[in-house]
**Q** 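Can you keep this structure in mind? I'll have questions shortly.
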Number of protein chains: 2
Amino acid sequence: MKQKVDQFELKAKLFRGFGDVTRLSILESISEEEKTVTKISEELDQSQSNVSNHLSCLSECGLVKSRKDGKNRFYSIGDKRVVKLLKQGDDILSDIAEGIYSCVNYKK
Amino acid sequence: MKQKVDQFELKAKLFRGFGDVTRLSILESISEEEKTVTKISEELDQSQSNVSNHLSCLSECGLVKSRKDGKNRFYSIGDKRVVKLLKQGDDILSDIAEGIYSCVNYKK
DNA sequence: TCAATATATCATCAATTAATGATATGTTAT
DNA sequence: ATAACATATCATTAATTGATGATATATTGA
């Protein structure tokens, strides 16, 4: 049972990667094409450091990968299954969006 | 674009439902068979109020459903796709578990 | 009715975490 | 070499959120 809890801790941590608007937006933003930090921060209207922080977190976890090209570093999704998972989120959401929206326990 | 951000906000909120050990454990615990609050709190060794709080949150969002039977209320997963999504989490995790584990930005 | 059991609610506290701003590192072109 | 650009790092702050404990509500059986 202890092992299960540890497993769930990791799994929860995985899902938390998708559980923040900024991080999720980053993932969605690079799910089609690789992008630089600057490009992403412009698109999301978020500070460079914030995006960079999230990206380093996502990289460390293996959710995104990156390649360096001169001054730039291009980020992209590290595993196809991540994209698939995000798509499935949409699928569920299409049915329960209203409930999620009205959930007061979480702000945004 | 604004609409997309709103969409991502909901989606992030959805994933946050799975992004906490206690909530995730609750979902996993009732994914096979419906259970009462008391049963779940015993299993997870969590207080009744904590489990109940999470369940009301999960219910509101439509992630779990419940039926009342006398003094008891039995909770179960609200949508098959939720179980599927959780399973896919395992799938991804089997490959990137180490990265997730060593991610220092999040505690547990 | 009253006690026992099961669950819900809710304010408060403690812990977690996202964002900011400042600074550091690395790369390219002049 | 140095200015300009791109990214990373990190301490601090502000906001969010999970857990607790107390209490309220509901149901059943004696």
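Protein chains get the first letters and strands the later ones, always in sequence-line order, with residue 1 at the start of each.
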**Q** Considering only heavy atoms from C-beta outward, does the side chain of B:L44 approach that of B:N50 to under 4.5 Å?
**A**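 Answer no - side chains too far apart.
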**Q** Can you tell which of D:dT7, D:dT20, C:dA18 lies closest to the side chain of B:Q46?
**A**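 Nearest listed nucleotide: D:dT20.
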**Q** Starting at atom CZ of A:F74, determine the distance to atom P of D:dA6, rounded to an integer number of angstrom.
**A**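 Rounded to the whole Å, the gap is 11 Å.
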**Q** Nearest of C:dA18, C:dC10, C:dT7 to any side-chain atom of B:S49?
**A**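 Side chain of B:S49 sits closest to C:dC10.
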**Q** Counting any heavy atom closer than 4.0 Å, what does A:Y75 reach on the DNA or RNA strands: base, sugar-phosphate only, or nothing?
**A**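 The residue A:Y75 makes sugar-phosphate contact but no base contact.
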**Q** Round to the nearest Å and state the distance from B:D45 atom CG to D:dG18 atom P.
**A**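 The distance from CG of B:D45 to P of D:dG18 comes to 19 Å, rounded to the nearest Å.
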**Q** In this structure, which one of B:K11, B:K84, B:R81 forms a salt bridge (charged side-chain N to carboxylate O under 4.0 Å, His left out) with A:D91?
**A**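 Exactly one pass, corresponding to B:R81.
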**Q** Do A:F15 and B:L93 sit in the same hydrophobic cluster, where Ile, Leu, Val, Met, Phe, Trp and Tyr count as joined when their side-chain heavy atoms come under 4.5 Å apart?
**A**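 As far as the 4.5 Å side-chain criterion goes, B:L93 and A:F15 are connected within one cluster.
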**Q** Quick one: is A:R73 getting a side-chain N or O under 4.0 Å of the D:dA8 phosphate, OP1 or OP2?
**A**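 So the side chain of A:R73 is within the cut-off, an N or O lying under 4.0 Å from OP1 or OP2 of D:dA8.
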**Q** May I ask you to say what B:N50 touches in the nucleic acid, namely base, sugar-phosphate or nothing, with a heavy-atom cut-off under 4.0 Å?
**A**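 Here B:N50 touches the bases of the nucleic acid.
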**Q** Which whole-number value in Å describes the distance from B:I26 CD1 to C:dA8 P?
**A**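 About 11 Å, once rounded to whole Å.
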**Q** When the distance from CZ of A:R23 to C1' of D:dT16 is rounded to whole Å, what number comes out?
**A**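 Checked: the CZ to C1' distance equals 13 Å.
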**Q** Could you state the interatomic distance from CZ (A:R16) to CG (B:L24), rounded to the nearest 0.5 Å?
**A**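 A:R16 atom CZ to B:L24 atom CG measures 10.0 Å (nearest 0.5 Å).
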**Q** Using heavy atoms to find the nearest nucleotide of DNA chain C for B:S52 and A:H54 separately, return the residue whose nucleotide is more 5′.
**A**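 Its nearest nucleotide being more 5', the pick is B:S52.
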**Q** Regarding D:dA8, can its base be found pairing with the side chain of A:Q48 as donor and acceptor, where the two atoms are less than 3.5 Å apart?
**A**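 Side chain to base: pair found, below 3.5 Å.
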**Q** Checking all strands, does A:D20 fall into the base, sugar-phosphate, or nothing category for heavy-atom contacts under 4.0 angstrom?
**A**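 Answer is sugar-phosphate: A:D20 comes under 4.0 Å of backbone atoms only.
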**Q** Could you state the atom-to-atom distance from CG of B:N53 to P of D:dA24 in whole Å?
**A**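 My rounded result for the distance is 17 Å.
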**Q** Are the side chains of B:C57 and A:C103 in contact, using a 4.5 Å heavy-atom criterion?
**A**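 When only atoms from C-beta onward are counted, B:C57 and A:C103 do touch, with a gap below 4.5 Å.
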**Q** Would you tell me whether A:S59 and A:K65 have side-chain atoms, one donor and one acceptor, within less than 3.5 Å of each other?
**A**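 On atom types as modelled, these side chains do not qualify, holding no pair under 3.5 Å.
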**Q** Using a cut-off of less than 4.0 Å, is there contact between a side-chain N or O of A:T36 and OP1 or OP2 of D:dA6?
**A**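 No, outside the criterion.
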**Q** Is there a side-chain contact between A:T38 and A:V51, using heavy atoms and a 4.5 Å cut-off?
**A**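 Heavy-atom side-chain distance check fails, nothing below 4.5 Å.
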**Q** Between atom CZ of A:F74 and atom CG of A:D69, what is the distance when rounded to the nearest 0.5 Å?
**A**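 CG of A:D69 is found 5.5 Å from CZ of A:F74.
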**Q** When the distance from CG of B:N72 to C1' of D:dA26 is rounded to whole Å, what number comes out?
**A**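 Distance, rounded to whole Å: 12 Å.
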**Q** Can you tell me the distance, in whole Å, between the NZ atom of B:K39 and the P atom of C:dT5?
**A**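 In whole Å, C:dT5 P and B:K39 NZ are 19 Å from each other.
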**Q** Pairs under 3.5 angstrom, nitrogen or oxygen only, protein versus nucleotides 27-30 of chain D, please.
**A**
unit_1: D:dT27; atom_1: OP1; unit_2: B:K68; atom_2: NZ; d: 3.0

**Q** Using whole Å, report how far CD of B:E60 lies from P of D:dT17.
**A**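 Taking atom P of D:dT17 as the reference, CD of B:E60 is at 14 Å.
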**Q** If you go through the side-chain atoms of B:T22, does one of them form a donor-acceptor pair with the base of D:dG18 closer than 3.5 Å?
**A**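 Per atom types, no contact qualifies.
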